[in-house]
Every structure is written in structure tokens, then in C-alpha cells.
A.B. asks: 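I am attaching a structure below and will ask some questions about it afterwards.
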Amino acid sequence: MNYPYLQQFRQSLVEWFHQEKRDLPWRNTKDPYKIWVSEVMLQQTRVDTVIPYYHRFIDKYPTIESLANADEEELLKMWEGLGYYSRVRNLQAGVKEVVEKYGGTVPNNRHDLQKLKGVGPYTAGAILSIAYDLPEHAVDGNVMRVLSRVLHRTEDIALPKTRKIFEEAVEQLIHPEYPGDFNQALMDLGAMICTPTSPKCLLCPVREYCLGFMEGDAEQLPVKTKKTKEKHIYYDVYIAVNDGKVVIERRPREGLLANMWQFPMIEKNKPSDNTKEAFELSYNVKIEKILKENFFEQKHVFSHLIWYLRCHLVEIEKTEKTPESVRCVTLKEMESLPVPVPMIKILNFLNQYIFYSWE
DNA sequence: AAGTCGGGGCT
DNA sequence: AGCCCAGACTT
């Protein structure tokens, strides 16, 4: 690797971690199950966002068996608002596999771990090093940023093959006596000191051993190419009321926001399209009265697409024949189901709206 | 290698 | 308005 500060780097980094590490709820345990839960929650998600979810989740599912036996819809509700909902479905699948194949004991080797649903190279390395004290790499975007600066590497971290370069680097750098602390130290350094913009190099415990700092271009690293442009999709959303209840539907079991509940949505080919007839046909309902057209507009940004929602309040005639995925519920009942954030925002507006219309 | 999959916080 | 975040899975 030709990095001359290997010993000093690992030593200084771990010593700094022992002094300055963040006090996080999943750091009070060595239970591999709880470490696993925390790592899945933390995928592409900030620490501050995860903390309350982690407490609620572990409180409800304190053991691996309790999660294996959990109700799917209840589980999805526990994940509501965290995003990337396939994570929780994969987590339960992986946990079930551990209960069935390994008697409830989380595997302590990379080969078996990475075969579990939802466990990739990073999560496997995190569990192995933190819960089992094994010298395994756990390379995420955070670590790639830090090491691209420390080692002054200019490979594009957006490319899958680049991760291997940093994994091999960590295999050499990792502290053999404190592998878990070393990996977590890299993360804390990335979160507190070696931040994406404006890194606090003057406070950095390994500044003397950072090739990027020596070159004076640490802040320009890492090199990362841009992602593809997002798509724009326009929908009419129908709040269809009858006898104090509204129509909702369950999204398909796979894909975006899988299995979550929402108000009926009809895609518009042009933002100016009228979709009332399409709504009546698709959901086998008849609009009796339009109570309020376009009462709420919302733009919702996902990773790779943008929804533009125009919400309409309509009264419908009583309906009988609807598919299993469609229900009529009160707003209160809807709040007990897993609902994606854009629908929660509509729900909140409706509750406000109803409140004011009573004045 | 590129696309899919959330949501929020920061600059 | 764009970028990033304790990534994994599918094609």
C-alpha cells in the first residue's frame, strides 16, 4: 500500500476514539442482533434520525426470536418514515433464517453473514468487528471519504470496484486488538471531523498522517461522479369520502413503498389532464359531488424521481365491489396502518382542514 | 456498471 | 437546488 504512517495512524485514531466517541444507544451492547438492527437502520440514514426508531424497535422486538415472529404490517409501521422499506422486510427474512438455520445465533463469519437477506459487505463487517471483535473491514461512504483523504486516493467512489480498494486498505490499517473500535472510529471521524464539506482538519487526531492534508487538497476529495437525473411524475390524488370514511389502497408487494397504504392516485400524462373518469373506472366508484378541487398540492422528492401530487376531495356513492387491496376506513383507522410520508402530509392537512371547517 | 429504493438535513 | 447520508439488491 506504500503508506508510511500505518502504525501511528491506527494508534492515534483508536486513542482519539476512546476519548471522544459519541454515546450512541447501540454502543451499550455487544448483542450481535442489536448491532445488526442498528446497522440496517443506519444504511443511508443519519444517526440522529435513527436513534428514536432504534429505541422503539428494540423495545418492541428485544430478541431475535421476537423479530422473527413479528407481524409484517406491524413491522412496516415501526419503520414508517425511515425510508428504504425493503430494509425491514429483508431484515426480518434474514433474522428468520438465523433462527431456523443457526438456532438463533448470528453467524460469526463473513461467508454465512453475507448470504443473509439485507446483509452486504459493509453490514457483515460491522457486525463481525463490533459484536465479535474480528478484524474485518466495514467500508461505507463515510469510510471511503475519510480514507480517500488520508491515503490521497483519487479513484471515483461512485464506481462499485473502488470499494474494494478501500476494503484492502482497511485490512492492513485495522487495529488488530480493537477492530470494532477502529471501524467505528473511522465513522466518528467522518461524522465529526472529516466531514464532506469544511473538514475540521485543525482538530483532527490523524492530521499528521493524512496525505490529503499534506497535499493541501483534502477537501477536494473524494472524487465522485454525478448521479443520473430524476424523473418527474404527476398524479391526481382522490380523497373519496362516503359516510365518514375514505377510500385507501395497498401498494403492490414489490417496488416503491411496497405494501404501504395510500389514497387512490391516478397518473397524469400531462399536468393539465383530467383523471376523474379514470379514477371512477379504476376503483369502481361514482363521484357524487366534488367537494373541493385541488385543495392541497405537494411535491415529494425521492432518490430517483419526483412526485407532483394534486389532491381532490370528492364525495362518492356507496360502493360494494372493490378488490382486496382497497378498503374504506376512517382517517383515524388509516393512521394505524403503514403510510408513506407524502400520504401522512395529506392526512395532516385533512385533519387541519376538517378542524377549521367546523368553526 | 447502472438503476432502484426514502426521507431529511445541510450548504 | 443540489448533495450527502454507518448500502443492498436487481438487472
A.B. asks: Would you say dT4(B) has OP1 or OP2 under 4.0 Å from some side-chain N or O of K231(A)?
C.D. replies: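 Yes, such a contact exists.
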A.B. asks: Taking 4.0 Å as the cut-off, does a side-chain nitrogen or oxygen of Y85(A) come that near to OP1 or OP2 on dG7(B)?
C.D. replies: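 Checking Y85(A) against dG7(B): at least one side-chain N or O falls below 4.0 Å of OP1 or OP2.
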A.B. asks: Taking the C1' atom in each of dC5(C) and dA1(B), what is the distance between them to the nearest angstrom?
C.D. replies: 22 Å
A.B. asks: Checking contacts here: which listed nucleotide (dC4(C), dA6(C), dG6(B)) is nearest the side-chain heavy atoms of K224(A)?
C.D. replies: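 Output: dC4(C).
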A.B. asks: Looking at the side chain of Q43(A), which of dG7(B), dG7(C), dA1(B) is the nearest nucleotide?
C.D. replies: dG7(C)
A.B. asks: How far does the P atom of dA6(C) sit from the matching atom of dT11(B), given to the nearest Å?
C.D. replies: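 dA6(C) and dT11(B) have their P atoms separated by 14 Å.
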A.B. asks: Please determine, for the side chain of P342(A), which listed nucleotide (dA1(C), dG6(B), dG7(B)) has the closest atom?
C.D. replies: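 Between dA1(C), dG6(B), dG7(B), the one nearest the side chain of P342(A) would be dG7(B).
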A.B. asks: Under 4.0 Å: is that the gap between some side-chain N or O of H304(A) and OP1 or OP2 of dG3(B)?
C.D. replies: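 Looking at the OP1 and OP2 atoms of dG3(B), neither is under 4.0 Å from any side-chain N or O of H304(A).
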A.B. asks: Among the nucleotides dA6(C), dA1(B), dG6(B), which one has an atom lying closest to any side-chain atom of P160(A)?
C.D. replies: dA1(B)
A.B. asks: Look at the side chain of S303(A) and the base of dG7(B), then say whether one donor and one acceptor between them are separated by less than 3.5 Å.
C.D. replies: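 Under the 3.5 Å cut-off, the side chain and the base do not form any donor-acceptor pair.
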A.B. asks: So does H300(A) get a side-chain nitrogen or oxygen closer than 4.0 Å to the phosphate oxygens (OP1/OP2) of dG6(B)?
C.D. replies: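 For dG6(B), OP1/OP2 do not have a side-chain N/O of H300(A) under 4.0 Å.
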A.B. asks: I want to verify a distance call: between dG8(B), dG6(B), dA8(C), whose nearest atom is closest to the K345(A) side chain?
C.D. replies: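 Closest nucleotide among those given: dG8(B).
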A.B. asks: Picking from dA1(B), dG8(B), dA6(C), which would you name as closest to the side chain of K161(A)?
C.D. replies: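 Per side-chain heavy atoms of K161(A), the pick is dA1(B).
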A.B. asks: For dG6(B) versus dC4(C), give the span between their C1' atoms, rounded off to a whole number of Å.
C.D. replies: 14 Å
A.B. asks: Indicate yes or no for a side-chain donor-acceptor contact from E168(A) to the backbone of I165(A) under 3.5 Å, with no hydrogens or angles considered.
C.D. replies: no
A.B. asks: Let me know, please, whether L305(A) or L159(A) comes out on the 5' side of the other along DNA chain B by nearest nucleotide.
C.D. replies: L159(A)
A.B. asks: At what distance, to the nearest 0.5 angstrom, does OG1 of T123(A) lie from CD of Q114(A)?
C.D. replies: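 It comes to 9.0 Å.
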A.B. asks: Would the base of dC4(C) count as contacting R46(A) through its side chain, where contact means a donor and an acceptor less than 3.5 Å apart?
C.D. replies: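 Checked by distance alone, the answer is yes.
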A.B. asks: For the side chain of N90(A), counting heavy atoms from C-beta on, which of dG6(B), dG8(B), dC9(C) is nearest?
C.D. replies: dC9(C)
